Structure formats: C-alpha cells, structure tokens
There are 2 protein chains.
Amino acid sequence: MSASPSPSGARPYHHGNLKTALVEAGLALLEERGLGDLSLREIAARVGVSHTAPKNHFGSLKGLLTAIAAEGFRRHAAALEAGLKPADGPIERLQAAAEGYVRFARENPALFRLMFSGDLCDFNDPDLTAAASASYGILARLAGQLEAGPADAGHRQTRMETLLWSLVHGYATLANEGQLATGPDGTQIQGIADLFRHWPRFV
Amino acid sequence: MSASPSPSGARPYHHGNLKTALVEAGLALLEERGLGDLSLREIAARVGVSHTAPKNHFGSLKGLLTAIAAEGFRRHAAALEAGLKPADGPIERLQAAAEGYVRFARENPALFRLMFSGDLCDFNDPDLTAAASASYGILARLAGQLEAGPADAGHRQTRMETLLWSLVHGYATLANEGQLATGPDGTQIQGIADLFRHWPRFV
DNA sequence: GTGAAAAATTTACACTGGAAACATGAGTGC
DNA sequence: GCACTCATGTTTCCAGTGTAAATTTTTCAC
C-alpha cells in the first residue's frame, strides 16, 4: 500500500498533464537560459521528472521544441492582434500589427528565434503549421486591404504580403540580434511604425 | 631521427597554417552538416588535428565560429558588390545589391544563419565587427544615394538604411527558412527585385 | 479480478566542448 | 654548436547532452 492517492506531499507516479507542463517549463527556461543553452534534461528536471519521460509525449527533443514553437505562434498571433482597432484605417491597423510583431520578438527573443529556426522545429507538424498559418493570416489579411486592385487570386502569396512580411520580420530579427541602432533607453532610433509613416517613393 | 622535414607522407608535428585551415574546413563542413550538427571535433578531424588544437588559435568554439563568420561577411560584401555596375542608376544598383544579398543567403544558408545567430559569435571581436561593418556600409551607401534631402547627419542609422536592410534581410531570412512561396523550380514567386520595381505607395 | 497498454524510471551509450598535464619542435641568444 | 623559451599539438579526463532499451509502476477496459 503506497501513500494515499493525492494528498499533498507524495508525488504520484504519473504526472497527470506532463505534456503541457513540459511546454510551459520549456517556455520559461527558454528565456532564462537562451536558445543555445536549453536542454531537454533541464526541462524535465524543472518539472520533476526523469529526462527520458518527454519521449513518451514528444518523441524527441525536436518534438518538444516543435510544441513550444506552436504555442509561441499562438501567442505571436495574439500580439499581432493586440493593438488592432476595427475603427482604424488599413494603414493604422498595419502599423499596430507591425508594432505587435516587433514587441513580441523583443519580449521573447529566444522563443522568436526558435519559431523561425528552421531546423530545430518540425515544420511538417500539423499543430505547428496551423498555428504559424493563423499568425501569418493576420498579416496577409492586412496586406490584402492595402492592395490596389482586386485580390491577386493567381498567387499563393501576393507581392504585398511578401513585402510587408519581409520588412517586419527583418526588422524584428535585426532588432533582436542587436543590429539596429538604439537610443539611450534601449529602444530603436527608427521605430517600425515610422518606416510606414515616412514611406519613400522609388519609382 | 624522424622522417625527413617535409617530403610527402610524413605530416609534420606543427601544421603551419592551422588557423586558416580550420576556418576553411569549418566553412566547408558548415554547409555539409548544417549549423546545428557542426562540431569542433569534426572540424579538427577534417584538418587532421586533435580536437583541442583549435584552442591555441581561437580559444573556444565560439572563437572559431567568430572567425568563420568574419570570413562569411567578407564574402557577403563581395556578393553585394558582384552585380553593381557604376553606370546604373541608384535604383538599379540597389536592386542588384539586394539580389546579391539574397543569392548569398540562398547559396550559403548555414553560414548566413551563423553570421546572424547573435549568440554563437562574439560580436565584440574586432575582425568580425570590421567585416560586418564593411558589408553593411555597402548597403548604407546605396541607401544614402536614395535619400531625398541631404544626409541625415544627426542619426547613426537613417530611416532609409533601416528600411532597406530590414526588407532585404527579412526576405533573405524567410527565403532561407523556406517560408516564402516558391514556384516549381524552387525560386521565389516574388523576386526581391520585383518588390522594388512595383513599389507601393501607402501615404 | 485480470490483462493490456500507457507512463515513467533506470541504465547504458556515443557524442560534445573544455581543462589540465605533457610532448614536440621552431626560433633566439650566446 | 647549444641550451632555453615558448608557441603549437597531443593525450587524457571530465561534466554534460540526447537517445535507445529494458524495467517498473499505474491506469483503464473488459
């Protein structure tokens, strides 16, 4: 006869919801240790479980990182929509989404890098692709509202989508790596929204 | 009495130019194995040297990766200037540089990721910062030729520089991670130069 | 109850980067 | 010529990583 079923003190053999606990611990450790020093063993220790336990739920480290990245994309989508006011015009809404994109990257640098790491995650995983597509769809919808003519139905990805995504993602990435000039308070000299407010004309 | 000084067959105890040999081997292995699976031991083995030998020249793995990234930036600068014809106008030259930027990223994906990895390299290293600055200077100079008024002397980084660099870098990064839609031949549906040729007007 | 399957553990293995002690050889001063 | 110095490599060892296999524990269906 072991300890009683679940009074405080005795940890049960089965965790209960190890899957979500591992993802949350991974998200926390990701920002504490950084992407490079994140380890499967440390995540498992944080949850209080042996280092091989995650295999039952995620298969391998890559599977766990994929699940973490998927949760990252869900939060990313929320950050994109955070400042989106329906009353605003398309350009104001675009600026708000861009600021959300950058803010998310700056507040979760390691997670952001993981999400776009390419080989650390399994981009064939349905959960991850669904979350990433949902996040991308927000930006794509905003791009569509800025297009001149009718929707470019023949393309899987319009020119406006490619332009906006590249610009915002590049800005977020460079800011994250510390490559953009910053003022004394640590924020970028050129804000992302300013780039839209003072849009140049080449042609 | 050991073997004669340097006839073929007997490898001398001292390599001679191990430093550059390690960088070259690292560059080759980087694209073969990918950034994630690159190992100091394998680079050393490739050169035919013990895995602790690099420490004398680079201190640690980070030091070696920093040297590799510096060489990457030198090649990156060359790729930027490759298609730059003095006779062309500023916009044509910008398009050519952008295409060089993207082509370099696509042809050296692992090296490109290393160069902008942030924590794998030591961005306080004088060699690396000099090479990176030189590469950035090419883009900055092109941006300056596109500015409307006189040079924005008060800023360390002008709005045009930030805009162009973010756009081109984001495009290259996303293309590299396979996030941009591609046609049947593997090239992007929306070429980087097309983004400039069909530049939108927001305001 | 009993048996099957899920969930977690223990153990072992190949691999990594780094530290320390030692070996080798090139170069310099005499 | 010769010893001394020091940069350059090697050997050995260590802590840490992710994964695989065999084993134990628990839950759940019948």
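All values derive from a computational prediction rather than experimental measurement. In the text below, chain A, chain B and the rest are named by the order of the sequence lines, each starting its count at 1.
- A:Lys19 has its NZ atom 13 Å from the C1' atom of C:dA6, to the nearest Å.
- Rounded to whole angstrom, the span from the CG atom of A:Asp119 across to the P atom of D:dG18 amounts to 15 Å.
- OP1 or OP2 of D:dG9 sits under 4.0 Å from a side-chain N or O of B:His57.
- Judged by distance alone with a 3.5 Å cut-off, no donor-acceptor contact links the side chain of A:Asn56 to the base of C:dA6.
- A ring-centre distance under 6.0 Å is not found for B:Phe123 and B:Phe116.
- With respect to A:Arg46 and A:Glu42, no salt bridge is recorded, no charged nitrogen being found less than 4.0 Å from a carboxylate O.
- Taking side-chain N and O atoms only, B:Lys55 has a distance below 4.0 Å to OP1 or OP2 of C:dA19.
- Nearest to the side-chain atoms of B:Val49 among the listed nucleotides D:dT10, C:dG17, C:dA8 stands D:dT10.
- Atom CG of B:Leu61 and atom C1' of C:dC15 are 14 Å apart (whole Å).
- Distance CZ (A:Arg41) to P (C:dC15): 16 Å, rounded to an integer number of Å.
- Checking each of B:Ile43, B:Val23, B:Leu114, B:Asp122 against B:Leu65 for a side-chain contact (heavy atoms from CB on, under 4.5 Å) leaves exactly one that passes, namely B:Leu114.
- Rounded to whole Å, the distance from CG on A:Leu18 to P on D:dT26 is 16 Å.
- The CD1-P distance, from A:Ile43 to D:dG18, rounds to 8 Å in whole Å.
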- Going through the distances and angles, do B:Gln188 and A:Thr162 end up as a side-chain contact (heavy atoms from CB on, under 4.5 Å)? CA-CA 10 Å; B:Gln188 278 69 39; A:Thr162 306; over 6 Å; no
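- A:His51 has its NE2 atom 17 Å from the P atom of D:dA15, to the nearest Å.
- Counting any heavy atom pair closer than 4.0 Å across all strands shown, A:Ser39 reaches sugar-phosphate atoms only and no base atom.
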- Task: Could you walk me through whether B:Leu164 and B:Leu146 pass the side-chain contact (heavy atoms from CB on, under 4.5 Å) test, one step at a time?
- Result: CA-CA 11 Å; B:Leu164 293 182; B:Leu146 289 165; 4.1 Å; yes
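- The nearest whole Å value for the distance from the CG atom in B:Leu120 to the C1' atom in C:dG17 is 14 Å.
- Residue B:Thr52 places no side-chain N or O under 4.0 Å from the OP1 or OP2 atom of D:dG9.
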